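No hydrogens, no waters, no symmetry mates; every other heavy atom, side chains included, goes into these values. A note on names: the letters A, B, ... follow the listed sequences, proteins ahead of strands, and every chain is numbered from 1. What you see is a predicted model, and the numbers here were worked out from it, not measured in a lab.
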Amino acid sequence: MTDREPFIQFEQVGKTYVTLDGETTALENINFHVFRGEFVTLLGPSGCGKSTILSLLAGLIKPTGGTVLIEQKPVTSPSRKIGYMLQQDYLLNWRTIEQNILLGLEIQRQINDANREYALKLLDEMGLSDYRNYYPGQLSGGMRQRVALTRTLATRPDILLLDEPFSALDFTTRLRLEDLVVKTLRKHKKTAILVTHDISEAIAMSDRILILTGRPGQIKSEIHIPSALRDPLPFYSRDLPEFQNYFQNIWKVMNRDE
Amino acid sequence: MNKTAKTGLFEKYLTRGAESSIHAAYLKKYRINRILVRLTQIFLLFAFLLLWETASHKQWINQLLFSSPSEIWSLFVSMLLGGELTVHITATLLETILGFFLGTLFGTLAAVGIWWSRFVSDVVDPYLVVLNGMPKVALGPIFIVAFGGGYGAIIAMGVAISVIITTIVVYTSFREVDPNYIKLARTFGASKSQIFQKVIFPASFPTIISTLKVNVGLAWVGIIVGEFLVSKFGLGYLIIYGFQVFNFTLVYVSLFIIAICATFMYQAVVSLEKHLLKQRD
Ligand SMILES: Nc1ncnc2c1ncn2[C@@H]1O[C@H](COP(=O)(O)OP(=O)(O)OP(=O)(O)O)[C@@H](O)[C@H]1O
Ligand SMILES: [Mg+2]
């Protein structure tokens, strides 16, 4: 692992938000890296700066200290390498499903037959090709989230940022979508960073987990998931005996007083 | 027997489309109520007209001031046949449509400009509040001097009365779009104009359409007042003229035509709204 070049690097990154009321230090001294093709999860309590880390990486905001690098180059503005799935689906209700999944391509002026076909193929992989002419209001929460995933993948990003993409869904839908996301990302060889505060979800889906402390967020611990838990789809790894051990461990780390 | 056949038919109408006996009872109750409402409305209208006619005939009310439905009708018919009415109606309708259209357009454009720059929006905010609070018809004399005593001044009045409120309402709706939609567009690298085109404008479109409904009414106010002040044509002019020569029958003819035209315009905007927004929930 050591001889590989990191794909994403956070070096001494800090972020302090300033408003009229004062300042909030969301992140302090964040250091980590992610290799190409890895699935890394950021696990931490609410308000510890998880979404901030993703926004920094997506180039939506600038760090107040340190540097964020993708392929050794500092991030300065939104990049086409990145696909960002927000905490909710944010589908545009005046567009059909097909028009929704083409939004990113439209903004990037990449609409052509090949790309449109690719987007529709992805929609098909999500099992939604029958719904291309529907409107978001006619779809269930799980379907809408799958459309949002299709929209994110349609611009062919190398890196996927997933900000609690399942938090608004019921448990069954959530389990199904976890499998679908892992399967799809593996198939398309994407690098992914998932944000969650659900320990089981983190173990079931990722290769590596970074546990963050409460505000200001700092990385408290790093946990490598063994291939026995990594290789099966999330639904099956939840059933393995090691799963419980990891759950207990992480639970302890997260609740350890500092 | 004939009678039972007839009631059977009526019963069928009342319960048509029912899926069960409870549903049938519900539909029946709903439809009977609807029929009663309509009948009462028609009855009230006729009763009112009849009362008005009788009162006028028997001199219970001042004939000169209140005229009567039959006189209003016969003046209407003779003016229509004489062709002069069409000229007045056309003039007023064109002015109103233009005032309405331009007021909405300018108001929306101003809102876009203000949205574009936070600084501009902060600067103009108190001015908008003052302008909005000011009664626009008070500007009449200034418009007459500025645009001459013709259509220009009248249309300016129609625009003035709706443009500020449109700016405020549309700008507010731009501001109220969930910032996460903007964030979403930015993750794809959207520029400010793309954010506006792809997200802000379509998201606010229902609000813009609903200001149309308000603006239809406002444009009528502006245009009629404008015609009171300067015009030689139009329904507003007919009202003022009728008043000056003490021909109140003419005033009533104009009033009824205005009521009918305004209703039709409003309904047209409502069905436009339905058509344009039918896919949204
Ligand atoms: N634009 C902003 N202005 C000021 N403070 C902010 C802003 N965005 C976030 N914060 C603050 O920074 C801290 C971290 O926010 P962030 O959204 O990154 O947390 P999070 O870990 O994603 O939380 P959650 O699990 O609730 O989504 C919070 O305390 C929040 O109040
Ligand atoms: Mg968050």
Side-chain angles (χ1 to χ4, degrees), chain A residues 51-52 54-61 75-97 99-111 133-139 144 147-148 151-157 159-164 168, chain B residues 104 108 111-112 115-116 118-119 121-123 125-126 169-170 172-213 269-281:
Chain A
S51 298
T52 304
L54 296 190
S55 294
L56 286 166
L57 189 51
L60 299 176
I61 53 174
V75 174
T76 49
S77 58
S79 143
R80 291 202 184 160
K81 288 201 184 72
I82 289 190
Y84 193 162
M85 230 173 124
L86 304 177
Q87 250 164 307
Q88 277 163 49
D89 58 61
Y90 297 112
L91 297 180
L92 306 176
N93 68 359
W94 56 89
R95 286 172 167 242
T96 62
I97 299 309
Q99 291 164 341
N100 263 291
I101 63 173
L102 296 177
L103 179 75
L105 291 169
E106 248 174 73
I107 289 173
Q108 299 178 356
R109 302 182 204 288
Q110 299 289 314
I111 290 282
N133 295 322
Y134 282 54
Y135 284 88
Q138 299 168 293
L139 268 57
R144 292 173 62 112
V147 175
R151 176 181 63 192
T152 311
L153 291 171
T155 54
R156 304 180 206 242
I159 304 165
L160 231 75
L161 309 181
L162 306 163
D163 193 347
E164 305 189 43
Chain B
T104 312
T108 306
V112 175
W115 176 83
W116 213 267
R118 189 59 205 259
F119 184 74
S121 93
D122 288 346
V123 171
D125 185 66
V169 171
V170 173
T172 309
S173 85
F174 287 167
R175 283 290 301 278
E176 277 168 1
V177 174
D178 186 337
N180 283 303
Y181 285 100
I182 299 173
K183 186 173 175 185
L184 169 78
R186 288 190 57 218
T187 66
F188 291 118
S191 63
K192 188 143 193 169
S193 76
Q194 283 180 317
I195 290 173
F196 182 77
Q197 281 172 42
K198 306 281 180 197
V199 177
I200 302 291
F201 186 77
S204 313
F205 194 61
T207 310
I208 296 174
I209 298 293
S210 74
T211 66
L212 291 181
K213 281 195 291 198
V269 173
V270 169
S271 43
L272 179 79
E273 179 179 28
K274 268 207 192 116
H275 176 75
L276 289 175
L277 303 181
K278 70 171 171 259
Q279 300 111 9
R280 305 195 189 206
D281 28 306

For the residue pair A:Leu161 and B:Thr187, establish whether any side-chain heavy-atom pair is separated by less than 4.5 Å. no
[atom2] on [Y] to [atom1] on [X], rounded to 0.5 Å:
X       : Y        : atom1 : atom2 : value
A:Asn93 : B:Tyr181 : CG    : OH    : 6.5 Å
A:Tyr90 : B:Asn180 : OH    : CG    : 3.5 Å
A:Asp89 : B:Leu184 : CG    : CG    : 10.0 Å

Who are the side chain to side chain contact (heavy atoms under 4.5 Å, CB included) partners of B:Ala190, not counting sequence neighbours? A:Ile107, B:Ala185, B:Gln194, B:Ile195
Output yes when a side-chain donor or acceptor of B:Arg186 lies under 3.5 Å from a complementary backbone atom of A:Leu60, and no otherwise. yes
Checking side-chain contact (heavy atoms from CB on, under 4.5 Å) for the pair A:Gln110/B:Phe188: CA distance, chi angles, key distance, verdict? CA-CA 11 Å; A:Gln110 299 289 314; B:Phe188 291 118; over 6 Å; no
Specify the closest pair of heavy atoms between A:Pro78 and B:Gly189, including all atoms of both residues, with the distance to one decimal. CB-CA, 4.1 Å
Can you tell which part of [X] gets under 4.5 Å to a heavy atom of chain B, answering side chain, backbone, both or neither?
X        : answer
A:Leu91  : backbone
A:Glu106 : both
A:Thr96  : neither
A:Arg151 : both

